[in-house]
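Predicted, not measured: the structure shown is a model, and the values here were computed from it.
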Amino acid sequence: MVTTPSMMGVLRRGCYSVLTTQSCCMPPTASITASSLNGQIASQHAGHSQLPCLQTFCHHLHSSQAPAASQVVANGQNPPKAPWTPTAQLTKRKLLTKRMGFLLQTLEAEQAAAMDKSRRLPEFGPGDIIEIKVAVPENRRKVALMKGVVIARKNRGWQSAFTIRNYLGNAGGIERTFPLYSPSLLAVKVLEHRNVRRAKLYYLRDRKPSEYRVQ
């Protein structure tokens with residue numbers, strides 16, 4: 001298909017009704033075959049080659065490119081499948097960016113549900129004292145135990161994470177943030193539940209170590 005500059009301008013603006021048989025012309029070297037127009041032979045003249053309306057042309061173009069179902073079955077080929085299931089939740093999102101975002105959210109939710117079934121984690125929140133088992137990738141995935149107070153937790157599906165804080169004698173105050181669905185997080189054990197009034201306990205950074213130290 002040969003696209004003229006006038007057609008590109010109409011396609012970008014979406015003004016399909018502006019393009020008519022009188023305003024759309026092609027160079028002398030361009031021609032449209034009879035098969036692409038389903039039997040309509042484009043008349044070629046010495047100076048121009050007339051092009052039908054854009055709507056009619058697109059209709060014939062799609063009908064010529066997409067084979068009928070009977071032809072596909074007769075040839076012994078499987079009909080082409082859509083890259084995703086055209087559900088109601090997907091078709092109502094017209095923009096491709098929103099469709100891709102919805103697909104990513106669905107895949108992340110399925111992956112998180114599968115990991116929840118294989119690895120049971122207890123319920124914990126800010127203020128709780130927990131002990132976790134982590135496989136350290138830098139140390140040949142050896143298992144390490146860490147204790148601390150949960151000072152923050154982020155619930156965002158597959159991107160969920162939590163932060164613990166503890167005080168060590170020589171190192172001082174230490175904070176570590178762990179993704180909730182990380183493969184390196186092996187187990188979580190709640191040692192003590194504490195009632196707090198805030199969702200983020202960042203004020204513990206300015207408090208004495210005796211208030212959040214975990215032995």
Side-chain angles (χ1 to χ4, degrees), residues 14 77-215:
Q77 300 177 359
N78 296 326
K81 296 182 180 179
W84 54 73
T85 305
T87 58
Q89 295 292 334
L90 188 62
T91 54
K92 74 178 184 180
R93 292 167 171 83
K94 304 304 180 183
L95 298 179
L96 293 180
T97 54
K98 292 186 177 181
R99 287 188 177 186
M100 294 301 104
F102 176 74
L103 288 175
L104 288 177
Q105 291 178 1
T106 305
L107 293 175
E108 289 177 356
E110 293 177 355
Q111 189 70 16
M115 187 168 289
D116 288 337
K117 290 183 179 179
S118 60
R119 185 193 59 182
R120 299 282 182 174
L121 295 181
E123 293 292 336
F124 63 93
D128 296 342
I129 300 177
I130 63 175
E131 178 184 11
I132 61 176
K133 292 182 180 180
V134 183
V136 184
E138 296 81 7
N139 194 13
R140 300 180 181 179
R141 298 194 61 83
K142 291 185 178 180
V143 179
L145 296 177
M146 299 187 65
K147 297 180 181 180
V149 180
V150 180
I151 63 173
R153 178 165 179 174
K154 179 178 67 175
N155 298 319
R156 294 183 183 176
W158 186 254
Q159 306 295 332
S160 300
F162 62 95
T163 304
I164 63 174
R165 182 178 178 84
N166 198 358
Y167 185 86
L168 301 180
N170 297 328
I174 295 178
E175 289 186 5
R176 290 289 303 274
T177 300
F178 299 93
L180 190 62
Y181 294 102
S182 172
S184 299
L185 184 62
L186 303 180
V188 176
K189 181 180 179 181
V190 180
L191 302 179
E192 182 182 354
H193 286 284
R194 292 182 179 180
N195 296 327
V196 294
R197 297 182 180 180
R198 298 184 184 182
K200 309 295 182 183
L201 306 182
Y202 295 141
Y203 65 90
L204 292 178
R205 298 170 179 173
D206 301 330
R207 297 297 181 88
K208 298 179 180 179
S210 58
E211 296 185 15
Y212 58 87
R213 179 185 298 172
V214 179
Q215 299 295 337

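Pairs passing the salt bridge (Lys or Arg N to Asp or Glu O under 4.0 Å) check and including a residue from residues 186-200, sequence neighbours excluded, read Glu192-Arg194. Annotation: salt bridge (Lys or Arg N to Asp or Glu O under 4.0 Å) contacts involving residues 109-119, sequence neighbours excluded, are absent. The ring-ring contact (aromatic ring centres under 6.0 Å, His included) analysis of residues 118-142, with sequence neighbours excluded, yields the pairs Phe124-Phe162. Among residues at least two apart or in separate chains, there is no salt bridge (Lys or Arg N to Asp or Glu O under 4.0 Å) pair with a member in residues 140-164. Evaluation of the side chain to side chain donor-acceptor pair (under 3.5 Å) test over residues 120-131, restricted to residues two or more places apart or in two chains, returns Asp128-His193.
Contact check for Leu90 versus Thr106: no side-chain heavy atoms found under the 4.5 Å cut-off. The shortest side-chain heavy-atom distance between Leu121 and Leu180 falls under the 4.5 Å cut-off. The closest side-chain heavy-atom distance from Leu201 to Val150 is not below 4.5 Å. When side chains are defined from C-beta on, Leu185 does not count as touching Pro179, because their heavy atoms never get closer than 4.5 Å.
In this structure, OG on Ser160 lies 10.0 Å from CD on Glu108, to the nearest 0.5 angstrom.
Other residues, nucleotides and ligands contribute over 12 non-hydrogen atoms within 6.0 Å of the CG atom of Asn155.
Taking Lys133 as the reference, Val143, Leu145, Leu186, Ala187 meet the side-chain contact (heavy atoms from CB on, under 4.5 Å) condition, with sequence neighbours excluded. For Arg205, the salt bridge (Lys or Arg N to Asp or Glu O under 4.0 Å) criterion is met by Glu175, not counting sequence neighbours. Residues that satisfy the side-chain contact (heavy atoms from CB on, under 4.5 Å) test with Ala112, not counting sequence neighbours, are Trp158, Tyr181. Remark: Arg207 pairs with Glu211 by the salt bridge (Lys or Arg N to Asp or Glu O under 4.0 Å) rule, at least two apart or across chains. Tyr167 is linked by a side-chain contact (heavy atoms from CB on, under 4.5 Å) to Pro209, Tyr212, Arg213, counting only residues two or more places apart in sequence or in another chain. Take Ala171 and apply the side-chain contact (heavy atoms from CB on, under 4.5 Å) test, not counting sequence neighbours, and it matches Leu168, Ile174. Under the side-chain hydrogen bond (donor to acceptor under 3.5 Å, both in side chains) criterion, Lys94 pairs with no residue, sequence neighbours left out.
The shortest non-hydrogen separation linking Val190 to Pro122 is CG2-CG, 3.9 Å. The nearest pair of heavy atoms linking Thr177 to Ala161 is CG2-CB, 4.2 Å.
For the pair Arg99 (side chain) and Arg93 (backbone), a donor-acceptor distance under 3.5 Å is present.
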